[in-house]
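Below is one structure, written out as structure tokens; comments come after it.
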Amino acid sequence: MSKHLNPKLKVLLILLYSLVHGTLAIGQTLGLPFSRYYPSQEYRGGIQNYAITQSPDGLVYVANNFGLLEYDGIAWRRNTLPNGSKVRHVQLSESGLIYVAGQGDFGYFGPNETGRFAFYSLKEKLPEAYRNLEEVWHVFLSTDALLFCTDRQIFVFDATQTFRHVISTKSVFESFHVHGNRLFANEVGTGLHYYQRGELLPLLGGAFFEDKRIASVIQISEDSRLVFTRSEGVFHMEGESIRPWNGALSSTVNTALQLENGHIAVGTQTEGLYIVTDRGETVLHLDNGHGLNNNVVLSLREDLSGNLWVGHSNGITLVELSNPFRKINRFSGLTGTGYHATLFEGRIYFGTNNGVYVQDSPDRPSGDAVLVENSSGQVYQLKSIQGRLLVAHNDGAFWIRGNRAKRLEGPSGIWCFQPLAGHPNLLLVGGYKGLYLFEILPDDIRFLRQLSGFDESSRVIEQDESGYIWVTHGYKGVYRLRVDEKLERVSVEEFGPETGLPTPTLNNVWRVGNRLVFTTQAGVFRFLEDKKQFERDSFFLDFFGPGVLIHYLQEDPQGNVHFIAEDQVGVLEKRMDGSFLKHHEVFNQLIPLLNDDLQNIAALRRNEVLFAANEGFVHFRMSDHRYRPYPYATLIRGVYLTGVVDSLIYGGNLRMTGAGHSSIPPKIPYAKANIRFESSNPTPNNENELEFRYWLEGLEPGYGEWGKRSDRAYTNLREGRYTFHVSSRNQFGEEAAEAVYSFEVLAPWYRSPLAYGVYLVVFCVLMVAGYRVVEKRYQKKAQRLKQASRRVIEEKESVLKTTREEVEKLRTEKLRQEIQLKDKELATATMHLITKNGFIDNVKGNLTGIIKKSKNQEVKNEIQKLIKHIEKNIAEDEDWEQFEIHFDQVHGDFMSRFKKSYPELSPQEIKLSAYLRMNLSTKEIAYLMNISVRGVEIARYRLRKKLTLQREDNLQEYILKF
């Protein structure tokens with residue numbers, strides 16, 4: 001009948017089938033998602049995990065019965081309430097504060113001055129009557145309100161943490177639920193309510209739940225929602241209409257969460273986790289033994305990457321729902337190492353080292369695989385040929401019929417099957433010891449013979465268009481075989497390095513794009529028949545370069561080329577225009593999981609393959625390959641000053657500014673300038689694949705090499721300003737935004753500004769002292785030179801010395817004679833003055849006597865005139881001037897010096913001083929000065945006063961020494 005269908009209709013039917021088949025495949029899951037279980041011993045907390053949230057930075061916070069847990073992608077931290085009680089619920093504000101509801105307390109965790117979390121209670125802001133709390137079950141944040149919920153009260157705070165009012169119930173609040181930024185409260189006796197503008201309002205139709213325990217409320221639309229009860233099923237509310245949901249669950253439900261893709265995650269008490277559609281169809285079921293370590297699910301949270309965090313009654317599980325890979329292993333009923341798989345008649349068959357397993361697909365996506373009877377042992381290939389499923393087995397060739405494997409007669413040790421070119425009913429079989437022929441009969445498959453002429457192990461076989469059989473041996477090279485006309489014997493050509501192959505080892509042959517390619521240790525080659533030589537294949541050169549060793553190539557029905565290379569795994573995606581696009585970053589996580597014995601990729605459908613793994617298989621579908629992880633930034637989680645005891649200076653939780661570092665860099669004493677940084681990247685389940693690189697600006701020229709260590713230490717840093725940079729990259733090779741931290745190391749006391757000032761002063765002092773030392777040495781040297789010169793001069797002048805002394809002696813003698821002469825003249829002049837003045841004084845005395853005796857007045861007058869003339873003559877005597885000249889010559893200008901020192905002295909006092917200098921007696925001085933002896937004494941007294949001499953000072957001695 002199909003022969004008569006309109007060609008356009010046939011195309012339409014094919015497209016419709018593809019669409020339905022693809023939709024079915026997308027809606028259901030083969031295998032289990034990657035997951036990571038964190039036991040309580042690892043996160044160092046209690047077993048119960050009541051609520052989970054995540055910050056925009058990617059940090060995960062868990063309300064635990066030992067406190068608030070914090071996970072940064074590498075390590076867990078625990079922050080406790082002051083009373084050490086349980087944390088029941090946790091919510092994160094836009095400002096970064098972590099609000100918690102706990103046992104007997106509530107408030108928030110925020111960073112202190114060092115960036116470490118500290119708890120700030122809000123309980124004290126309540127009225128006194130409400131402070132005696134027991135359990136605070138829930139915290140809810142809206143744009144303008146902050147609510148803390150207990151069994152009987154809801155405490156309402158505004159956005160500034162100011163207490164506003166209390167919403168109380170006359171009965172009991174059974175539970176609280178949040179969805180779509182709306183808080184629902186189920187009140188015993190009245191049913192569901194919702195919070196709006198400071199009030200708790202009854203929900204239309206909510207009275208239906210007045211006697212039911214609600215696990216979760218999911219808002220489908222403004223007037224439609226799903227209400228999950230603990231044990232009475234799920235109900236769909238739409239206006240006043242309430243009806244059981246088609247996807248009602250039989251297990252006790254603890255929580256439910258709507259995911260970003262519209263699916264609903266349901267956590268149960270005894271049956272683990274369900275992922276269902278909004279119509280109730282099960283997409284995924286995980287429980288103990290099937291992806292989970294614990295069946296009790298208390299809390300759920302979808303993270304920024306689209307992965308699901310599951311809080312258990314004992315432990316925490318990360319389920320990587322966004323990961324495009326699924327594991328098919330012991331949790332799916334499959335044991336052993338995966339080797340090969342195939343899709344046959346709607347069922348997937350898996351070949352492992354333990355035998356052949358079969359799993360229905362896609363009708364039972366979560367059903368366990370079961371072992372095919374009589375297939376135990378090492379399985380190398382599963383191949384569908386002419387409607388028959390054949391098994392290449394260590395024990396020989398098998399044919400699976402129904403649920404049982406039948407061993408075919410013939411040799412053991414079979415690697416692979418291929419229809420023999422030109423002979424559709426004959427099978428070319430590669431074995432441990434060469435090539436074999438089997439014949440396909442209507443109801444059987446029988447062994448014919450071994451092809452003689454070639455007995456090497458034939459694990460990898462391909463046939464070209466010319467009828468040649470290509471066999472590659474892992475250690476001996478490449479063989480090309482031709483079967484004779486009788487199909488009994490083969491002729492052999494061997495190819496090695498002399499024909500262009502890099503080496504005879506690790507060569508393989510594959511069919512890609514309907515042509516043969518050869519993978520070697522130096523890249524991918526092709527064979528040129530006309531030259532009988534191998535040359536590089538330019539198509540693969542563009543994607544892998546010249547030196548990549550590819551272990552396996554597999555082309556799927558869509559034309560995508562999947563590969564396993566030495567250090568990368570991926571796919572060359574075939575695009576609509578026939579070009580190819582390489583994807584490999586997302587596959588990096590598979591490298592440690594893949595079978596490291598005999599690599600294999602099995603194509604199931606278009607765009608869908610299975611990778612053979614050390615434990616089972618890994619499923620991949622091209623429709624999911626565009627997965628990209630959330631771009632988590634690198635975080636600095638701790639900065640420590642290291643020593644005997646490390647000292648925390650930054651706890652990793654402070655809000656950063658600008659480029660990412662604190663606005664006020666800390667100042668670190670020089671003696672403590674040993675610093676260690678701890679870093680992380682919150683990409684989930686990536687601890688072992690994360691790589692970091694570091695750069696301490698101010699010490700290093702730039703970033704160093706990538707490495708696995710998440711911490712970096714520096715010791716003995718010199719003073720100065722530093723900025724620490726850290727960058728990370730995840731398992732997909734994507735580099736995250738860097739984190740930076742600035743700080744300053746203070747100078748030691750001996751390199752401080754004050755110290756440098758002291759150094760400058762000391763330097764100046766030393767320079768001066770050094771100058772003086774050098775000057776002194778120079779002076780000594782100059783003195784020595786001077787002395788030497790002086791000795792020379794003295795030696796040269798020694799002859800003149802005697803003559804000079806004699807001349808000086810003569811001169812001195814002459815001067816002495818002149819001085820004696822002057823002194824003699826002075827003495828003569830002085831005696832002359834004394835004699836003259838004595839004579840005149842005697843004449844004056846006689847004349848005075850005559851005046852007294854004479855009675856003639858006229859005579860008295862004449863004599864009186866004569867006496868006055870005598871006195872005038874004595875006063876105007878020029879002999880003193882002559883005396884003064886001689887006196888200064890003899891006594892070293894005494895008169896000049898004395899007058900200069902004592903300008904206030906009178907001429908008479910100067911004369912008295914001169915006479916005293918000559919050591920004259922008082923009487924002699926009286927004659928010379930024409931005064932009485934008493935007058936001389938009075939004059940001496942006045943002179944002492946003007947010279948300011950003390951009583952004990954001798955006047956004449958003072959003048960002699962002057």
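When a residue number appears, it is its place in the shown sequence, counting from 1. Only this structure's heavy atoms are used, side chains among them; waters, hydrogens and symmetry mates stay out. Please read all numbers here as calculations on a predicted model, not as lab measurements.
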Roughly how far, to the nearest 0.5 Å, is [atom2] of [Y] from [atom1] of [X]?
X	Y	atom1	atom2	answer
R77	L68	CZ	CG	12.0 Å
W706	Y694	CH2	OH	10.0 Å
I74	R637	CD1	CZ	10.0 Å
L141	L92	CG	CG	8.5 Å
S55	L97	OG	CG	12.5 Å
N674	L717	CG	CG	7.0 Å

Find out whether [X] and [Y] are in side-chain contact, i.e. whether some heavy atom of one side chain is under 4.5 Å from a heavy atom of the other.
X	Y	answer
F763	L766	no
Y722	L699	yes
V100	L81	yes
R676	D646	yes
P666	Y650	no
L916	L955	yes
D953	Y958	no
I910	K899	yes

Ring-face cation of R751 near Y670 (centre distance under 6.0 Å, axis angle within 45°): yes
Audit row: I649, I668, side chain to side chain contact (heavy atoms under 4.5 Å, CB included) steps and yes/no: CA-CA 10 Å; I649 62 173; I668 300 173; 4.1 Å; yes
Tell me whether the count of non-hydrogen atoms from other residues, nucleotides or ligands lying under 6.0 Å of [atom1] in [X] goes above 12.
X	atom1	value
R942	CZ	no
R772	CZ	no
K900	NZ	no
Y759	OH	yes
K123	NZ	yes
K125	NZ	yes

So, [X] side chain and [Y] main chain: donor-acceptor pair closer than 3.5 Å or not?
X	Y	answer
D105	G102	no
S901	R897	yes
S742	T723	no
D57	L59	no
R693	G707	no
E937	R934	no
R78	R44	yes
W695	V726	no

Does [X] have any salt bridge (charged side-chain N to carboxylate O under 4.0 Å, His left out) partners at least two apart in sequence or in another chain, and if so, which?
X	result
E124	R131
E744	K667, R721
R729	E691

Closest non-hydrogen atom pair between [X] and [Y], with its separation:
X	Y	result
D72	A75	OD1-N, 2.8 Å
N681	A736	ND2-CB, 3.4 Å
V740	H725	CG1-ND1, 3.3 Å
P682	A633	CD-O, 3.5 Å
Y130	L126	O-CD1, 3.8 Å

All N/O donor-acceptor pairs, side-chain side in residues 107-119, below 3.5 Å, sequence neighbours left out:
residue: N112; atom: OD1; partner: T114; partner atom: N; Å: 3.0
residue: N112; atom: OD1; partner: T114; partner atom: OG1; Å: 2.9
residue: N112; atom: OD1; partner: G115; partner atom: N; Å: 3.2
residue: N112; atom: OD1; partner: R116; partner atom: N; Å: 2.9
residue: N112; atom: ND2; partner: R116; partner atom: O; Å: 3.4

Side-chain donor-acceptor pair present, S679, S710, cut-off under 3.5 Å: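 No donor-acceptor contact under 3.5 Å links the two side chains.
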Under 3.5 Å side-chain donor-acceptor pair for E735 and S728: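 E735 vs S728: no donor-acceptor pair found between side chains.
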By side chain to side chain donor-acceptor pair (under 3.5 Å) - contacts of Y703 (at least two apart):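 Checked Y703 against side chain to side chain donor-acceptor pair (under 3.5 Å); matches are E738.
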Sidechain N-carboxylate O distance under 4.0 Å for E904, K946: no
Verdict with reasoning, L648 to V639, per side chain to side chain contact (heavy atoms under 4.5 Å, CB included): CA-CA 6 Å; L648 177 72; V639 181; 5.8 Å; no
Ring centroid separation F155 to F148 under 6.0 Å: no
Aromatic ring pairing F724/F677, orientation class (parallel under 30°, perpendicular over 60°, tilted between):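 Parallel.
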Donor-acceptor pairs under 3.5 angstrom involving side-chain atoms of residues 773-785: please list them, not counting sequence neighbours.
residue: E775; atom: OE2; partner: Q779; partner atom: NE2; Å: 3.3

Side chain to side chain contact (heavy atoms under 4.5 Å, CB included) between L696 and Y714, intermediate numbers included: CA-CA 9 Å; L696 185 58; Y714 298 90; 3.6 Å; yes
Audit row: R944, E952, salt bridge (charged side-chain N to carboxylate O under 4.0 Å, His left out) steps and yes/no: CA-CA 11 Å; R944 286 178 61 87; E952 63 271 14; over 6 Å; no
Chi angles and distances behind the side chain to side chain contact (heavy atoms under 4.5 Å, CB included) call for F898, L905: CA-CA 9 Å; F898 205 66; L905 296 179; 3.3 Å; yes
